[in-house]
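The structure appears right after this line, and notes come after that.
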Amino acid sequence: MARTINDIVIAGAGQAGARAAEALRARGFKGSITMIGDEPHPPYERPQLSKAMLESADVPVAYIKQTRDWNEGLDIRIQTGSAAIDGDAGRRIVSTADGRRFPFDALLLATGTRPRRLPALDDAQLEVQYLRNVEDALRFRRHIRARSRIVIVGGGVIGLEAACAAAKGGCHVTVIENEARLLSRAFPIAISDLVADRHHNHGVTFVFGATVTGSSSHSVTLSNGAEIAADLVLVGIGVCPSSDLATRLGLPVADGIAVDACGRTAAPGIFCAGDAALQWSRCHGRAIRVETWANAQNQAIAVATNMIGETRDYSDPPWFWTDQYDLNIQVAGDMRDAEHIARGDPDSGRFSIIAMRGTELVGALSVNAAKDMAMLRRIIAANAKPQRADLESPDYDLRTALRAP
């Protein structure tokens with residue numbers, strides 16, 4: 001017999017939690033909804049932290065809704081300033097760090113991730129920060145205004161967006177990347193080189209094949225023996241799932257909280273969505289965590305409908321974007337371990353690269369070609385199988401692939 005759902009608790013007051021809460025009300029759920037978050041702010045979307053908020057000295061935080069609108073407009077109770085840290089799946093209750101207890105009929109884990117720390121800088125004498133919340137972004141923005149000497153550890157999307165903003169703001173920027181090139185987890189070599197070239201043109205210095213091993217009050221020491229002067233070190237070496245609550249609830253946790261296509265965990269009545277969810281990806285051929293704006297929104301909406309008795313599988317291909325100076329780069333699916341097909345002329349500054357395994361289109365990357373990407377995302381999601389010769393032709397209408405039998 002289906003359990004009656006009267007009280008829903010959402011552990012996590014970020015984008016995934018907020019979009020799930022909105023979806024529950026949009027689908028007609030009349031019971032109580034409580035959203036619990038560790039930050040003092042109402043929910044907001046994180047891309048602004050490394051994009052809009054760093055590009056301008058006075059861009060305010062864009063909240064999804066103000067607390068009053070959540071409480072009064074949607075009748076959703078927001079409990080901020082203290083994370084949900086413990087729970088009992090059998091008794092169906094979670095509790096916060098400050099001792100409050102919340103019973104639930106259904107629970108959504110939208111606990112997100114936390115930055116992976118760099119132990120060599122844990123006791124550093126100079127200023128070290130990570131970029132994960134509003135306060136982090138405001139702090140980094142003050143350094144941009146001061147034209148500080150900034151060392152960024154990690155040549156991934158977040159680190160490079162921060163480097164872009166700092167370089168345009170007149171800072172002296174050095175990026176330390178342990179791999180041999182930038183963005184190696186998601187980008188083909190040609191795109192890594194293109195991005196590096198843009199940064200070089202704006203004065204950014206790169207050190208590859210090294211990491212930080214120590215520091216002084218005014219510099220960092222690298223594994224290759226070099227010493228780099230710095231007023232601030234920004235560490236961007238990835239994230240770890242925030243799965244402590246899941247563990248306390250007795251859920252299996254590896255590199256994330258395992259869910260099925262409906263967002264259900266191993267415990268009845270407990271769901272998970274967003275960055276912490278370990279979900280199946282057809283493009284990758286394995287379960288992965290998807291740390292993107294689109295997944296935090298769309299998966300959360302789908303999972304919310306399943307919490308109240310509907311059945312809606314979520315299988316959207318991963319998709320994200322980054323702006324690097326004049327380059328808008330979008331990636332869908334998986335670009336690794338695949339044959340790459342060029343669509344358009346790279347010298348024109350507007351082109352796409354399509355990833356195929358056999359006849360299956362599993363990934364795509366576009367540079368200043370948003371219209372192509374909009375269609376390629378749909379083709380990947382539909383598991384359509386256009387011909388290689390058609391994909392290579394910039395004159396081929398990608399909509400045709402969706403109409404093919």
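These figures come from a predicted structure and were not determined experimentally. Numbering starts at 1 and runs along the sequence shown.
- Of all non-hydrogen atoms in Y396 and L391, the two that sit nearest each other are CD2-N, 4.3 Å.
- Checking side-chain atoms of R343 against main-chain N and O of S352 turns up no donor-acceptor pair under 3.5 Å.
- Between the side chain of Q48 and the main chain of E45, a donor-acceptor pair closer than 3.5 Å is present.
- You'll find the side chain of Y130 stays beyond 4.5 Å of the side chain of L234, heavy atoms only.
- Looking at every heavy atom in both residues, C164 comes nearest to H199 through N-CE1, 3.8 Å.
- Between D345 and F351, the closest side-chain pair of non-hydrogen atoms is not below 4.5 Å.
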Discussion item. Under the criterion side chain to side chain donor-acceptor pair (under 3.5 Å), I'd like the reasoning laid out for S32 against D7: C-alpha separation, chi angles, the key distance, then a yes or no.
Written reply: CA-CA 5 Å; S32 74; D7 300 304; 2.5 Å; yes
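- Salt bridge status for E55 with R141: absent, with no side-chain N to carboxylate O gap under 4.0 Å.
- Under the 3.5 Å distance criterion, the side-chain polar atoms of N306 are matched with a main-chain donor or acceptor of R312.
- Looking at S82, its side chain does come within 3.5 Å of a backbone N or O of D98 through a donor-acceptor pair.
- Side chain of D136 to backbone of R132: a donor-acceptor contact under 3.5 angstrom is found.
- Checked by atom type and distance alone, the side chain of R25 pairs as donor or acceptor with a backbone atom of D75 at under 3.5 Å.
- Listed by first then second residue, pairs satisfying salt bridge (charged side-chain N to carboxylate O under 4.0 Å, His left out) with a partner in residues 191-210 read R198-D326, not counting sequence neighbours.
- In this structure, I76 and M35 approach most closely via the heavy-atom pair CG2-CE, 4.3 Å.
- A distance of 5.5 Å separates CG of D334 from CZ of R336, quoted to the nearest 0.5 Å.
- Residues W319 and T292 are not in side-chain contact: their nearest non-hydrogen atoms beyond the backbone lie 4.5 Å or more apart.
- To the nearest 0.5 Å, atoms OG1 (T211) and CG (L121) are separated by 8.0 Å.
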Worksheet entry | R68/N71 under side-chain contact (heavy atoms from CB on, under 4.5 Å): CA gap, chis, key distance, verdict | CA-CA 5 Å; R68 180 175 178 178; N71 292 339; 5.8 Å; no
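- For the pair L249/L109, a side-chain contact is recorded, criterion being any heavy-atom separation below 4.5 Å from C-beta on.
- Q129 has its side chain out of reach of V233: every pair of non-hydrogen atoms, C-beta onward, lies at least 4.5 Å apart.
- Under a 4.0 Å N-O distance rule, the pair D105/R92 does not qualify as a salt bridge.
- Checking side-chain atoms of R19 against main-chain N and O of A23 turns up no donor-acceptor pair under 3.5 Å.
- Listed by first then second residue, pairs satisfying ring pair (Phe, Tyr, Trp, His ring centres under 6.0 Å) with a partner in residues 241-291 number zero, not counting sequence neighbours.
- Of the N and O atoms on the side chains of H41 and E135, at least one donor lies less than 3.5 Å from an acceptor on the other residue.
- Atom CG of D69 and atom CD1 of I78 lie 9.5 Å apart (nearest 0.5 Å).
- Between R388 and E392 there is a salt bridge, with a side-chain nitrogen of the basic residue lying less than 4.0 Å from a carboxylate oxygen of the acidic one.
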Discussion item. For S56 and D58: C-alpha separation, side-chain torsions, deciding distance, then whether side chain to side chain donor-acceptor pair (under 3.5 Å) applies.
Written reply: CA-CA 6 Å; S56 174; D58 56 3; 2.7 Å; yes
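- Between A381 and P317, the shortest heavy-atom contact is CB-CD, 3.6 Å.
- Screening I380, I288, L361 for a side-chain contact (heavy atoms from CB on, under 4.5 Å) with C283, the sole residue that qualifies is I380.
- The CG atom of N178 sits 9.5 Å away from atom CD1 of I237, with the distance rounded to the nearest 0.5 Å.
- No side-chain donor-acceptor contact under 3.5 Å links T96 to the backbone of A83.
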Item to complete: Give the C-alpha distance, both sets of side-chain angles, the deciding distance and a yes or no for side-chain contact (heavy atoms from CB on, under 4.5 Å) between F104 and I10.
Response: CA-CA 9 Å; F104 64 85; I10 300 173; over 6 Å; no
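- Counting all heavy atoms, side chain and backbone alike, D255 lies closest to P241 at OD1-CD, 3.8 Å.
- T311 places a side-chain heavy atom less than 4.5 Å from the side chain of C262.
- In this model, a donor atom of one side chain and an acceptor atom of the other lie less than 3.5 Å apart for N295 and Q279.
- Applying the 6.0 Å contact sphere to CG of L138 captures more than 12 heavy atoms from other residues, nucleotides or ligands.
- Ring geometry for F320 versus F187: interplanar angle under 30°, hence parallel rather than tilted (30 to 60°).
- Ion pairing between a basic and an acidic side chain is recognised when a charged N comes within 4.0 Å of a carboxylate O; E291 and R289 show such pairing.
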Worksheet item: Would S95 and R101 count as a side chain to side chain donor-acceptor pair (under 3.5 Å) if you check the C-alpha gap in whole Å, the side-chain angles of each, and the deciding distance to 0.1 Å?
Response: CA-CA 4 Å; S95 57; R101 295 159 64 86; 5.5 Å; no
Worksheet item: Are E39 and T80 close enough, and set up right, to give a side-chain contact (heavy atoms from CB on, under 4.5 Å), and what steps lead you there?
Response: CA-CA 6 Å; E39 294 187 48; T80 56; over 6 Å; no
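- For the atom pair OG (S366) and CD (Q330), the distance works out to 4.5 Å, reported to the nearest 0.5 Å.
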Could you list the donor-acceptor pairs under 3.5 angstrom formed between side-chain atoms of residues 150-163 and any protein atom two or more places apart in sequence or on another chain?
unit_1, atom_1, unit_2, atom_2, d
E161, OE1, S50, OG, 2.6
E161, OE1, K51, NZ, 3.3
E161, OE2, K51, NZ, 2.9
E161, OE2, T322, OG1, 2.7

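- Taking the six-membered ring where tryptophan is involved, the planes of F208 and F206 are essentially parallel, since the angle between them stays under 30° and well short of 60°.
- Classification of D337 and R357 as a salt-bridged pair fails, no side-chain N sitting under 4.0 Å from a carboxylate O.
- For the pair L222 and I176, the minimum side-chain heavy-atom distance is below 4.5 Å.
- Rounded to the nearest 0.5 Å, atoms NE2 (H143) and CG (L54) are 12.5 Å apart.
- Checked by atom type and distance alone, the side chain of T305 pairs as donor or acceptor with a backbone atom of A302 at under 3.5 Å.
- Applying the salt bridge (charged side-chain N to carboxylate O under 4.0 Å, His left out) test between E127 and each of R139, R142, R149 identifies R139 as the sole match.
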Discussion item. One pair to check against side-chain contact (heavy atoms from CB on, under 4.5 Å): Q79 and F102. What are the steps and the verdict?
Written reply: CA-CA 11 Å; Q79 303 290 326; F102 300 90; 3.8 Å; yes
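- Shown here for I257 and A246, the closest heavy-atom pair between the two residues is CD1-CB, 3.6 Å.
- Using modelled atom types, one finds no donor on one side chain facing an acceptor on the other under 3.5 Å when comparing Q15 with R46.
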Discussion item. Side chain to side chain donor-acceptor pair (under 3.5 Å) for N383 and R282? Distances and angles first, verdict last.
Written reply: CA-CA 9 Å; N383 200 14; R282 178 186 60 82; 3.1 Å; yes
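- Counting only heavy atoms from C-beta outward, the side chains of I85 and L245 never approach each other to under 4.5 Å.
- Listed for the N368 side chain is a donor-acceptor partner under 3.5 Å among the backbone atoms of N328.
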